[in-house]
Every structure is written in C-alpha cells, then in structure tokens.
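What follows is a single structure, written as structure tokens, with notes after it.
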Amino acid sequence: MGLEGKTALVTGGSRGIGREIAKALAAQGAMVVVNYNGSKEAAEQTVSEIQSAGGTAMAYGCSVADPDAVEAMMKEIIAKQGRLDILVNNAGITRDNLILKMKEEDFNAVLDTNLKGTFHTCRYAARQMLKQKSGSIINISSISGVMGNAGQTNYAASKAGVIGLTKSLARELASREIRVNAIAPGFIETDMTEKLSESAVEAGKSQIPFGRFGKAEEVAKAVCFLASEDASYITGQVLHVDGGMGM
Ligand code: NAP
C-alpha cells in the first residue's frame, strides 16, 4: 500500500475517525494535511503524533462549508506540495432531531458541512487531479445515508447526497483513471457517538451482527486501501465498514 511521495488532505483530521485516517495515511508514507475547523490543539496533536511516528504532516484550519476558505486551502496545498494525490472528505457534523422539531438552520448546517463541504473540496481537487491524470478521492458517507435513521433527516440526506456525488464524480473522472469512492461507516466509537444515550447505544448494537461499535482505526484501514494502488480498478463504490449492519 506504499503511499510514499503522495500528498493527502484529510478534512476534519483533528479528532475521531479523521485523526486515525490521517495517522494511517502518514504511516503508509503520505504527507498529510490535517484540516480542522475549531479544534486547533487537537489538530496539532494529530500532527505531532504523526511526526513522532516518523511521518510528515501539517495542520490547516478552515471550515469546509466556506467555499472561499476551501479555495485558499487548496491553493496553498498545491503551491507548497505541487500536487494532491489523495482527498479524504471526512469532516462531518450532526444536528439530530425529529422532523417536527427540526429547525431549518440545523438542516442547512448539516447539509452545508457534510454535502456542500465535500463539493467544495472535490471541485478544486478534481482540477488538480485532472492535470496530474491521477488521484483518489474518498468520501466518508454513513450507514444513515444508505438505510435512513429516525431523527436524522438532515444527516441522512447529506450522507445519501455524498453517495450520489461520489458516483457522479467517479463517472466524470474515470477517463483519467481518477478514482472516487465512498465509505459508509456504521456506529464508530468517537465523540459523535459518545453523545448517544445508553438506550440508543443498546438499540444500535442490537442492529449490528458483530454486536459492537467499530473503531476509528477500522475505518482508516479501509481508507488506506481505497487510496492505494491495491484499489486501482475500484471506482464509484460504497464500502460499508459497519460490522454487517447494512448488509
Ligand atoms: P467527530 O469525532 O465529531 O469529528 C468530526 C471532525 O469533523 C472533527 O475533526 C471536526 O473538526 C471536523 N469538522 C466538523 N465540521 C467541520 C467543518 N465545517 N470544517 C472542517 N472540519 C470540520 O466525528 P467522527 O465520528 O470522527 O466522524 C467523522 C466522519 O465520519 C463524519 O463525516 C461522520 O459523519 C462520519 N461517520 C461517523 C460515524 C460514527 O459513528 N462516528 C458513523 C458514520 C459516519 P473540529 O473539531 O476542528 O471542528
């Protein structure tokens, strides 16, 4: 899976799944840009863990929901590195509520970060990857985007949108062998699932054939595979990393 000489951008790399993805890509030899929004210290911690393990990384703060800030970030990466080989759209938020209580601002915030954020980075990455005639984009969707989930109309819509975006972009970029895939994690142990009530955790586990939540590292391994030449004939796919939940 050697990723030596590759430049990778991981959005939302400060915590949770994104941090493990950044560490795993760096362990394979990639130079990793760790994007974050609010958690500067956590992003610097990710960078320092990568450097302590002998890898190369830098932190870059900007909201993926802000198109101008994303443009500036992409320009800086290309100016410094001269290329972008791997883009992992991992930044994501939840604002859960039943639809009768769902505020429009919560619907919009989730769509703006999870779906439009993915659109913003993909636009600039695609331009660079088309020039290079190579690249791999991995979008982190969710089992909620595949199966739906009560209380998550905004989140599930954003993650289903990410799957549609992934497949359409895979078709647009296929002639240059630029690969675009999605990963649909099930319940993964992070700050995002830490917020769940005990009853929601038990209800979640009862739907998972493995009977347990996944670990961020287990998602990161799937990302490394899709980023690597081992996945050279795979595009437009949604890989479930969910302990069998969505089968
Ligand atoms: P998390 O622990 O809450 O971390 C979210 C990450 O996204 C943080 O690094 C956060 O950065 C970043 N982020 C949020 N808004 C951002 C923005 N506007 N711009 C840039 N970065 C932003 O979540 P997680 O569980 O690791 O989830 C990571 C991804 O996996 C998300 O897309 C999520 O939807 C998806 N997912 C998670 C699960 C799960 O069970 N955990 C299941 C399926 C899918 P800051 O802290 O710097 O703001």
Side-chain angles (χ1 to χ4, degrees), residues 9-24 32-47 59-74 87-96 106 108-121 138-149 152 154-163 165-166 182-196 200-201 203-205 207-208 210 212-220 222-223 238-243 245-246:
L9 166 62
V10 180
T11 68
S14 46
R15 298 183 283 118
I17 295 172
R19 171 178 281 181
E20 294 308 318
I21 293 170
K23 286 164 62 180
V32 181
V33 180
V34 177
N35 160 262
Y36 63 96
N37 186 23
S39 309
K40 185 166 192 262
E41 271 180 35
E44 283 167 357
Q45 175 67 26
T46 305
V47 169
Y60 191 106
C62 89
S63 171
V64 295
D66 178 344
D68 295 335
V70 170
E71 181 178 11
M73 173 172 69
M74 300 308 260
L87 167 64
V88 185
N89 282 301
N90 164 82
I93 58 168
T94 52
R95 296 274 191 280
D96 295 354
D106 288 336
N108 289 342
V110 169
L111 269 286
D112 282 349
T113 299
N114 299 6
L115 181 56
K116 286 188 74 182
T118 300
F119 164 68
H120 295 143
T121 54
I138 298 129
N139 296 325
I140 306 299
S141 176
S142 167
I143 195 67
S144 292
V146 178
M147 298 174 71
N149 193 20
Q152 289 198 314
N154 51 358
Y155 182 78
S158 73
K159 294 299 188 176
V162 164
I163 292 174
L165 185 157
T166 299
I183 289 180
F187 285 95
I188 308 296
E189 288 169 0
T190 67
D191 294 345
M192 195 176 266
T193 46
E194 189 67 31
K195 301 180 211 159
L196 296 173
V201 169
K205 281 187 185 166
Q207 296 178 61
I208 307 169
F210 274 7
R212 67 168 177 88
F213 283 11
K215 296 188 184 313
E217 293 91 325
E218 292 176 306
V219 180
V223 171
V238 183
L239 178 56
H240 289 214
V241 181
D242 63 359
M245 186 178 169

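Each ligand, and each atom within it, is numbered from 1 in the order the structure gives.
- A salt bridge does not link Glu194 with Arg15: every distance from a Lys NZ or Arg NE/NH1/NH2 to an Asp or Glu carboxylate oxygen is 4.0 Å or more.
- Distance alone, capped at 3.5 Å, is enough to place a donor-acceptor pair between the Thr121 side chain and the Thr118 backbone.
- With sequence neighbours excluded, no residue forms a ring-ring contact (aromatic ring centres under 6.0 Å, His included) with Tyr60.
- Sorted by chain then number, the residues whose non-hydrogen atoms approach ligand 1 to under 4.0 Å are Gly12, Ser14, Arg15, Gly16, Ile17, Asn35, Tyr36, Asn37, Gly38, Ser39, Cys62, Ser63, Val64, Asn90, Ala91, Gly92, Ile93, Thr113, Ile140, Ser141, Ser142, Tyr155, Lys159, Pro185, Gly186, Phe187, Ile188, Thr190, Asp191, Met192, Thr193.
- Remark: side-chain polar atoms of Asn35 are paired, donor with acceptor, to backbone N or O of Cys62 under 3.5 angstrom.
- Within 6.0 Å of CD on Glu217 lie more than 12 heavy atoms contributed by other residues, nucleotides or ligands.
- Heavy-atom minimum distance, Asp106 versus Asn154: O-ND2, 3.4 Å.
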